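Along the sequence shown, residues carry numbers from 1. Reckoned from all heavy atoms, side chains included, excluding hydrogens, waters and symmetry mates. These figures come from a predicted structure and were not determined experimentally.
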Amino acid sequence: MSNQMKYEEYVIAPGETILELLEANCMTQLDLSDKTGINKKTINEIIKGKAPITTSTALKLEYVFNIPASFWNNLESSYRESLERQKDLNSLEKDEKYLKDIPYSEMSKRNWDWIEKTKNAQERVINLRKFFSVASLDFSTELKRKLAFRKAENKNFSLESLYCWLRYGEIQSNKIEYPKFSSEKLKSGANRIRELANKSFLEQYEKIKEILFDCGVSLVYEPHLPHTYVNGVSYKVSCDKAIIMLSDRGKRDDILWFTLFHEIAHLIKHSKKEIFIDQEDDSKNELELEADNYAQNILIPNHIYHRFIRQNSLYTEQEIKNFSEQNNVSMGIVVGRLQKDKIIGWNELNHLITRI
């Protein structure tokens with residue numbers, strides 16, 4: 001049971017304390033009215049909890065009972081708060097309907113902020129309100145409104161799961177103060193990141209984060225939630241900060257590298273008001289194709305890649321290794337490009353790809 005629910009069980013109206021003091025001092029409500037100058041009807045309403053103890057009334061009670069006005073003010077404040085919390089408890093029940101669409105158990109397994117392990121529905125609602133920083137799960141934000149127009153071909157796709165995943169990224173990025181976002185810095189930062197692509201992404205993750213930090217970009221790597229089918233996301237968290245989120249969808253290192261540069265392309269080249277979501281089953285529009293081309297070309301420049309294709313008919317492990325070393329790129333990235341372009345089959349040379 002949450003502290004909020006336990007708190008409601010022990011709350012009493014300030015009038016109960018006044019009644020006890022009247023009995024202890026052999027006084028009637030009329031006596032209290034005479035001593036304070038407050039009419040008897042108001043005294044009666046205060047005792048019943050219908051009328052509040054004002055600051056003025058608290059001072060008068062201090063004189064009569066020799067109990068500080070602060071005591072009465074705090075008692076009244078706690079009582080009024082408890083009444084509102086009671087209303088809030090009722091609203092928790094209304095919010096329970098949203099739980100069916102949220103992967104709470106999976107989120108709690110990952111020890112996400114606020115998402116404590118519990119099977120109690122009302123406690124889950126309370127934790128989710130804190131997670132989303134909202135007073136009710138029936139809420140709307142700019143990010144959520146943009147997601148509302150999101151369509152996915154997969155019938156199991158869940159906007160709610162995707163929003164939870166994105167919110168996690170926002171929470172992580174908000175824990176750090178970032179420099180102002182600069183697309184110019186990001187252009188040069190992308191080239192510095194490219195120099196690291198001869199090793200696995202996760203091995204270079206902290207270095208990549210540092211480079212993007214200097215550009216005003218928060219990088220968050222978090223395994224995907226069920227029914228999100230997302231590889232990566234990029235958008236402006238605020239006017240001065242951008243975020244790139246990457247998932248482990250596909251469980252391949254080459255996909256992580258490609259998705260990273262794909263999202264960087266969106267932040268450099270495209271509208272800063274949009275949210276760009278890279279999902280496996282997406283049909284490619286002009287912006288996505290442009291981001292794909294940027295990612296391909298920065299990892300393996302097109303003219304170098306096409307020359308390699310023209311010069312080879314068989315792609316042996318040694319040829320892949322030589323090409324990778326010459327171009328400072330991991331063998332998995334080369335194999336991934338060849339597979340994507342259907343130069344080789346999806347089942348060929350997979351042992352050269354780093355799994356995550």
d(Thr17 OG1, Ile53 CD1) to nearest 0.5 Å is 8.0 Å

Indicate yes or no for a side-chain donor-acceptor contact from Lys94 to the backbone of Ser136 under 3.5 Å, with no hydrogens or angles considered.
no

Practice item. Please check if the side chain of Arg124 supplies one atom and the backbone of Leu99 the other of a donor-acceptor pair under 3.5 Å. Key: no

dist Ile43:CD1 -> Leu30:CG (nearest 0.5 Å) comes out at 10.0 Å

message: Both conditions, 6.0 Å and 45 degrees, for the charged tip of Lys340 above the ring of Phe258: are they met here?
response: yes

TODO: May I ask you to check whether Thr36 and Tyr63 show a side-chain donor-acceptor distance below 3.5 Å?
DONE: no

task = Establish, from distance only, whether the side-chain atoms of Asp341 and Tyr305 form a donor-acceptor pair under 3.5 Å.
result = yes

Between the OG atom in Ser173 and the CE atom in Met245, the distance rounded to the nearest 0.5 Å is 9.0 Å

Minimal heavy-atom distance between Val233 and Tyr235, with the atoms involved, is CG1-CD2, 3.7 Å

*asked:* Testing the 3.5 Å rule here: is there a donor-acceptor pair between the side chains of Thr57 and Thr54?
replied: yes

Practice item. Compute both the distance and the angle, then confirm whether Lys269 meets the cation-pi test with Tyr294: under 6.0 Å from the six-membered ring centre, within 45 degrees of the axis. Key: no

Closest non-hydrogen contact found for Asp95 with Leu137 is OD2-N, 2.8 Å

Step by step, work out the side-chain contact (heavy atoms from CB on, under 4.5 Å) result for Cys164 and Leu225. CA-CA 8 Å; Cys164 290; Leu225 283 177; 3.9 Å; yes

Q. So, does Ser108 use its side chain to make a donor-acceptor pair with the main chain of Ser105 at under 3.5 Å?
A. yes

Can you confirm whether the side chains of Asp88 and Ser91 place a donor and an acceptor under 3.5 Å from each other?
yes

Legend entry - Polar side-chain atom of Glu348 near backbone of Gly345 as donor-acceptor pair, under 3.5 Å: yes

What about Ile333 and Leu256, same hydrophobic cluster or not, with Ile/Leu/Val/Met/Phe/Trp/Tyr joined at side-chain heavy-atom distances under 4.5 Å?
yes

In terms of side-chain heavy atoms, does Trp112 have a donor or acceptor partner in Glu222 at a distance below 3.5 Å? yes

Side-chain heavy atoms nearer than 4.5 Å, only ILVMFWY residues, links allowed to pass through others: does that put Ile193 and Val217 together?
yes

- Can a donor-acceptor pair be found between the side chains of Tyr104 and Asn127 at a distance below 3.5 Å? yes

Minimal heavy-atom distance between Asp214 and Lys185, with the atoms involved, is O-CD, 3.6 Å

- Task: Would you please say whether a donor-acceptor pair under 3.5 Å links the side chains of His262 and Glu288?
- Result: yes

Is there a donor in the side chain of Asp31 and an acceptor in the side chain of Thr28, or the other way round, less than 3.5 Å apart? yes

### Query
Okay, side chain of Trp165, backbone of Pro223: is any donor-acceptor separation there less than 3.5 Å?
yes

In this structure, CG of Leu147 is separated from CD1 of Ile275 (nearest 0.5 Å) by 5.0 Å

Tell me whether Arg194 contacts the main-chain N or O of Asn328 through its side chain, where contact means a donor paired with an acceptor under 3.5 Å.
yes

Exercise for review: Measure centre to centre between the rings of Phe132 and Tyr163, then say whether the value is under 6.0 Å.
Suggested key: yes

Taking atom types as modelled, find out whether Asn322 and Gln318 have a side-chain donor-acceptor pair closer than 3.5 angstrom.
yes

Do Gln29 and Asn44 pair up side chain to side chain, a donor and an acceptor below 3.5 Å, judged on atom types alone?
yes

Item to check | Chi angles and distances behind the side-chain contact (heavy atoms from CB on, under 4.5 Å) call for Leu219, Leu260 | outcome: CA-CA 9 Å; Leu219 176 63; Leu260 171 65; 4.3 Å; yes

What I want to check is whether the side chains of Arg167 and Gln172 have a donor and an acceptor closer together than 3.5 Å.
no

Tightest non-hydrogen contact, residues Tyr205 and Tyr221, listed as OH-N, 3.0 Å

**Message:** Assigning hydrophobic clusters by single linkage (Ile, Leu, Val, Met, Phe, Trp, Tyr; side-chain heavy-atom cutoff under 4.5 Å), is Ile300 placed with Leu349?
**Reply:** yes

_Verdict with reasoning, Glu317 to His351, per side-chain hydrogen bond (donor to acceptor under 3.5 Å, both in side chains)_ = CA-CA 10 Å; Glu317 180 173 338; His351 64 286; 3.0 Å; yes

Do we see a donor-acceptor contact under 3.5 Å between the side chains of Glu290 and His270?
yes

Inset, instruction - For the pair Arg80 and Glu76, evaluate salt bridge (Lys or Arg N to Asp or Glu O under 4.0 Å) and give the outcome as yes or no after the intermediate values. - result: CA-CA 6 Å; Arg80 296 300 160 184; Glu76 177 64 29; 2.4 Å; yes

Parallel, tilted or perpendicular, judged at 30° and 60°: which one describes the rings of His266 and Phe276?
parallel

Determine, step by step, whether Phe308 and Phe323 satisfy the ring pair (Phe, Tyr, Trp, His ring centres under 6.0 Å) criterion, reporting the C-alpha distance in whole Å, the side-chain angles of both residues, the deciding distance to 0.1 Å, and the verdict.
-> CA-CA 8 Å; Phe308 175 64; Phe323 180 78; 4.2 Å; yes

Requested in this report: Determine yes or no for a side-chain-to-main-chain donor-acceptor pair under 3.5 angstrom, with Glu45 supplying the side chain and Lys50 the backbone.
Outcome: no

**Asked** Is a side-chain donor or acceptor of Asp248 paired with a backbone partner of Lys251 at a separation under 3.5 angstrom?
**Response** no

Check: Ser247 main-chain N/O paired with Asn231 side-chain donor or acceptor under 3.5 Å: no

When you measure from the side chain of Ser330 to the backbone N and O of Ser200, does any donor-acceptor pair fall under 3.5 Å? no

All heavy atoms of Tyr229 vs all of Arg249, minimum pair found to be CD2-NH2, 3.2 Å

Test item: side-chain donor near acceptor, Asp254 and Gln339, under 3.5 Å = no

Worksheet item: Do Lys175 and Ile171 have side chains that get closer than 4.5 Å, going by heavy atoms?
Response: yes

Item checked: Between Asn39 and Thr42: side-chain donor-acceptor atoms closer than 3.5 Å -> yes

Shortest non-hydrogen pair, Pro14 vs Leu75, comes out as CA-CD2, 3.7 Å

Requested in this report: Kindly work out whether a path of hydrophobic side-chain contacts (I/L/V/M/F/W/Y, heavy atoms less than 4.5 Å apart) joins Leu267 to Phe213.
Outcome: no

